[in-house]
Every structure is written in C-alpha cells, then in structure tokens.
Amino acid sequence: MTLTATAVPSTDLDPFSPEVLADPLPAHETLRDLGPVVHLAAYDVYAVARYAEVHRALTDWQGLRSGAGVGLADFSRETPWRPPSLLLEADPPRHDAPRSVLAKILSPRKLRGLTPQWRADADVLVDRVLAAGAEFDAVTDLAEVFPLRVFPDAVGLGESGRENLLPYGDFAFNAFGPREGIVAALEPTMPSVIGWIGEQCRRENLSETGIGAQIWAAADRGDITPEQAPLIVRSLLTAGVDTTVTGIAAVVHAVATHPDQWQRLRADRGLLARAFEEAVRLESPVQTFFRTTTSEVEIGGAVIGPGRKVLMFLGAANRDPRRWPDADRFDLDRDPSGHVAFGMGLHQCVGQHIARMEAMAVLEALLDHVQSVELAGVPRRHLNNTLRGWESMPVRIQAA
Ligand code: PQP
C-alpha cells in the first residue's frame, strides 16, 4: 500500500525567539491552525501543537525516541553539553531501571512523611511575607524560596552552594533550545556551577537519610549500577527546583488574577488539587520537548522521515480549543485531567507528586492566612527556552 502523505506546511516562526518566549500564545495559535504537523524552517525540524498530535507523539516512544536528546541538538550527530540523562534522554530498556528506582523513591507513599514539615515551612514563609507588609514578590519572596527551602533538604544536600541550583536548572532547560542566544550568553558562567552540581551527586556529600542516599542504596541492592547513581541524583538536581518554582508561581498567578476562583477555593478546599492542575494546564511550566523519529512515522496524516526532530508544544496542546472548551479560562469547574503539562506515557513526570506536594503546601498556607490575593504590579517574565517562568510578580495580600 502506498501512503499518500498530507502536505506539511512550513513556517519561519521561531519558537525560541525572545518575542515568542515572552508571549508564546499567539505563536501557539498560529502553529495549531497551520495543521496537525508543521515544518519549522528556522531549524529544519517538525512541530506538533494540537492536543491530539502532542498526545500521540508523547505516547509513541517506539516511533519517537528520547535517546537522541529531547532538545534541538541531535545526540547522534552533536556532542551533548553534559553526559546524557539516564531518564529524560534515554529509551527502553536502558531507561527503565533508573525510572523504576526513582518512581519508588518519589512515590506518594514514600513522600507522605515530608508533608507536616513542608506545611510548617510554608506557614512560616507566608507569615513572614504577611509581617513584611501587604505587598511582596510572589516569585523572589515565595515561589523561589519555598522549593529552595524544602527540596535540597529532602535530597540531602549540604548547606553551602545551594545558590547554584536555580542557575544550573535555568541553564539545563535553556540548553534544550538553540546553542546561540541565551545558552551562549550563559555558558561562560557555567563551569563552576556544573562543578558544584557534580560534587553534590557523590555519596559522601549527601546526608544518610535523604532521597540522594536512597538512590545510592538502590545501587547497593543492584537495582542500578554505582555508575548510574550519581547521574540519577543529577537528574533530581536538574529537574527539581526551577520547575516547581515555575509551577508555584503559575498557581499564584492564576489565583491572583481570578479573585472569584480564589474565593471558591477558600469556600471549598476540595478544589485545591484541581486548582493546581488547572494552573499548570494553563501555564505549562515546561513548554516544549523534542523527540526524534526512529523510522518513518505518520502523525496526523503527515509522514515524517527517520531521524527527524519533532518539537512537541505541551503549552499549545494544553490550550487547544479542539480539546478544551474556553481553553484560556482558569476554571475550577472544568476537569483538567488529561492535560500534558507533566507529559504523558513512559516519560511522564516522575517528580509530579513532589511538585504537587510543594504547591499544595504553599496553597494551603495561603488559604489559612490570606483572605485576598491580587497583582500589585505588572509581572515580568523570565525568558527560558523551555520553561515559561517569571522574574518578578508583585502581589498584594490581605490577612485572613
Ligand atoms: C521537566 C530530568 C527531568 C523535569 C535530567 C532531567 C532534566 C529535566 C527534567 C523536565 N524535567 N521536569 O537531567 O535527567
């Protein structure tokens, strides 16, 4: 049988340009409307921005692999900036042992014990911003402070050098985009940061009880090799801070800009989990990842040849009107399940429970102490090739 391939429209749109990074929503609409698959001429790669095709690409790990990198760089032709991740940048079967080790350590059951301390930490933080006055910066005074307080402790890092965590994550998420631009500008600052991260992954530099030590214990049991352990710790340090900062900022932004929904939350805390899911659907802290075709692949009627990069627009899928009625609305009456902010399928975010627990701790503390929350100025975006985050978000709160 001969496949008649649908023509693939091509566009000059550059998803990594500063203009698109600052406000990606118009570009997302353009890409969705061009067709199920689009060719991005600026990088000679393919792109999917509709929910159906993003979902399809995420769930076909046989046809669309991660082992050639989930950024623009094709690891089969270019040298990655660091040894590839054993989780994110790997396929079965190599992917599976590291994944199952981490999935157990980061399971809701194993993490449950952290909740009381995290709730107490969030209370202290919210009390502190309240004491400092009615206005504060939801990014620098809250969304960044909370994960930096609880996550390094949970992993078992030492006290010194923690200021390297945000810059390392920021660089790693930028490095999924083009090498020129943001990455080139940050590169000179990275060697010392990368050196510090590498040191923290060693067994002797991790506390005996944290998540890091549990990864090393899995190596003792033979579930992973001793060579794999430090790289899996590195995954946590790469993935665990900037992402949750962005997620917490997203949910604060959502409630600060939807006072009616904040009041609904205050009246019904049963909606808390949904509020977080709906906020990450709308904001999609992780905007994009690439896959690489293993062989000729059919997506939405288009045929893509082997060894081609395909850019998946998670944020565009999460606002696709073909899937979500009134897609741009933050709406606690909708069921946001099925959103792809945490991905889907084999690689779906293994850290999502920890992310959710952090965000819920902050939200619960806010609900306990705060009657109203609103923007007190225009928030400023922090541009990153992958993360849709904020530099600053002035908010005004009123004590409950
Ligand atoms: C979005 C793993 C996961 C987490 C790594 C790594 C880096 C980033 C992420 C992306 N990630 N949530 O280095 O293994």
Side-chain angles (χ1 to χ4, degrees), residues 54 58 61 65-73 75 80-91 94-103 105-106 147 151 154-155 164-177 183 190 193-194 196-198 200-201 211-212 215 218 224 227-250 276-277 280-281 283-291 311-315 317-318 339-359 384-389:
V54 169
L58 282 168
W61 57 268
R65 69 191 187 109
S66 293
V70 296
L72 178 62
F75 292 177
W81 67 280
R82 57 175 195 173
S85 163
L86 302 179
L87 290 134
L88 188 72
E89 297 159 335
D91 300 296
R94 291 177 56 235
H95 157 271
D96 299 342
R99 167 76 188 206
S100 83
V101 162
L102 207 48
I105 295 171
L106 300 180
F151 186 74
V155 174
N164 288 300
L165 287 165
L166 280 173
Y168 185 78
D170 187 49
F171 184 82
F173 281 94
N174 273 316
F176 297 121
V183 172
M190 289 313 293
V193 177
I194 294 170
W196 181 84
I197 291 285
Q200 308 321 304
C201 298
I211 292 170
I215 291 168
I224 50 170
E227 291 73 36
Q228 289 177 314
L231 276 171
I232 298 171
V233 178
R234 192 195 69 178
S235 287
L236 287 174
L237 302 186
T238 311
V241 187
D242 302 69
T243 48
T244 53
V245 167
T246 312
I248 291 168
F276 177 67
E277 299 308 316
V280 296
R281 178 192 69 80
E283 191 71 9
S284 302
V286 177
Q287 287 274 295
T288 48
F289 271 128
F290 287 85
R291 294 288 189 260
L311 181 53
M312 307 176 296
F313 283 87
L314 309 179
N318 279 338
H339 73 72
V340 289
F342 288 118
M344 200 55 82
L346 188 77
H347 288 278
Q348 191 180 44
C349 185
V350 76
Q352 61 182 288
H353 312 295
I354 212 164
R356 226 170 251 131
M357 278 174 52
E358 288 186 31
N384 179 288
N385 286 328
T386 304
L387 295 175
R388 187 169 186 225

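FYI, side chains are in, hydrogens and waters are out, and symmetry mates aren't considered; it's all heavy atoms of this structure. Both ligands and their constituent atoms are indexed starting at 1 by order of listing.
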To the nearest 0.5 Å, how far apart are OG1 in T238 and CG in L231? 9.5 Å
Excluding sequence neighbours, so at least two apart, what forms side-chain contact (heavy atoms from CB on, under 4.5 Å) with S235? S85, L87
Would you please classify the geometry between the H339 ring and the F342 ring as parallel, tilted or perpendicular, with 30° and 60° separating the classes? tilted
Below 3.5 Å only, please: the N or O atoms of ligand 1 paired with protein N or O atoms, distance on each line.
| from | atom 1 | to | atom 2 | distance (Å) |
| --- | --- | --- | --- | --- |
| ligand 1 | 13 (O) | R82 | NH2 | 2.6 |
| ligand 1 | 14 (O) | S85 | OG | 2.5 |
| ligand 1 | 14 (O) | S235 | OG | 2.5 |

Passes ring pair (Phe, Tyr, Trp, His ring centres under 6.0 Å), F290 versus F176? Steps please. CA-CA 8 Å; F290 287 85; F176 297 121; 9.0 Å; no
Please identify each residue that fulfils side-chain contact (heavy atoms from CB on, under 4.5 Å) with N164, with sequence neighbours left out. V193, W196
State which residues pass side-chain hydrogen bond (donor to acceptor under 3.5 Å, both in side chains) with R356; sequence neighbours excluded, sorted by chain then number. E277, Q352
